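Read through the structure below, which is laid out as structure tokens, and then see the notes.
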Amino acid sequence: MKTALALTLFMAAAAGAAHASSDDAWAELAADVKAKCIEAAKASFKTGKVAVDPFGSESFGLAVVSGELKSTKGQQAAVICVYDKKTKKVEIGSELGSDVIKVTVPKKK
């Protein structure tokens, strides 16, 4: 019960924070997260697709970059990308192969 209450309060606070900022500010953040994450991951991927969490956490922008690895022909993988909202620097995690995670980014409509 405490977990459910804590989760509900967290989600309410996150929703309030999301509504407090303008749509343009969120779009600008998402664009910066996308650009910096794809740049940070380009050493690993032939081509990468980015799925950006629209709001991230309070302190970080979050994204998943996925695509075909440069190191192995045809092998797909993904990395988690964390964007520090204060410093605007990114870090990426290690490559997660298709044996660990399956990530697909839907095509834009």
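Since we're looking at a predicted model, the values are computed, not measured.
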Worksheet item: Where do K42 and E39 land on the salt bridge (Lys or Arg N to Asp or Glu O under 4.0 Å) test, with the steps shown first?
Response: CA-CA 5 Å; K42 75 178 184 180; E39 179 66 25; 3.0 Å; yes

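Within the structure, every pair that satisfies the side-chain hydrogen bond (donor to acceptor under 3.5 Å, both in side chains) test and touches residues 67-77, not counting sequence neighbours, is listed here: K46-E68, T72-Q75.
The heavy-atom pair separating V50 from K34 by the smallest distance is CB-CG, 4.0 Å. Of all non-hydrogen atoms in C81 and V90, the two that sit nearest each other are SG-CB, 3.9 Å. For E95 against A77, the heavy-atom pair with the smallest separation is CB-CB, 4.4 Å. Scanning both residues, V79 and G93, for their nearest heavy atoms gives CG1-O, 3.6 Å. Taking all atoms of both residues into account, the shortest heavy-atom contact from D84 to F60 is CA-CD2, 3.8 Å. The two residues A78 and V64 have their closest heavy-atom pair at CB-CG1, 4.0 Å.
D32 contributes atom CG, which lies 6.0 Å from atom NZ of K88 (distance to the nearest 0.5 angstrom). Distance check: T47 OG1 to L69 CG gives 10.0 Å after rounding to the nearest 0.5 Å. Atom-to-atom distance recorded for F55:CZ and D53:CG is 8.0 Å, nearest 0.5 angstrom.
For the pair L62 and Y83, the minimum side-chain heavy-atom distance is 4.5 Å or more.
With sequence neighbours left out, the salt bridge (charged side-chain N to carboxylate O under 4.0 Å, His left out) criterion links E28 to no other residue.
Annotation for L96: atom CG counts as buried by contact number, over 12 foreign heavy atoms lying within 6.0 Å.
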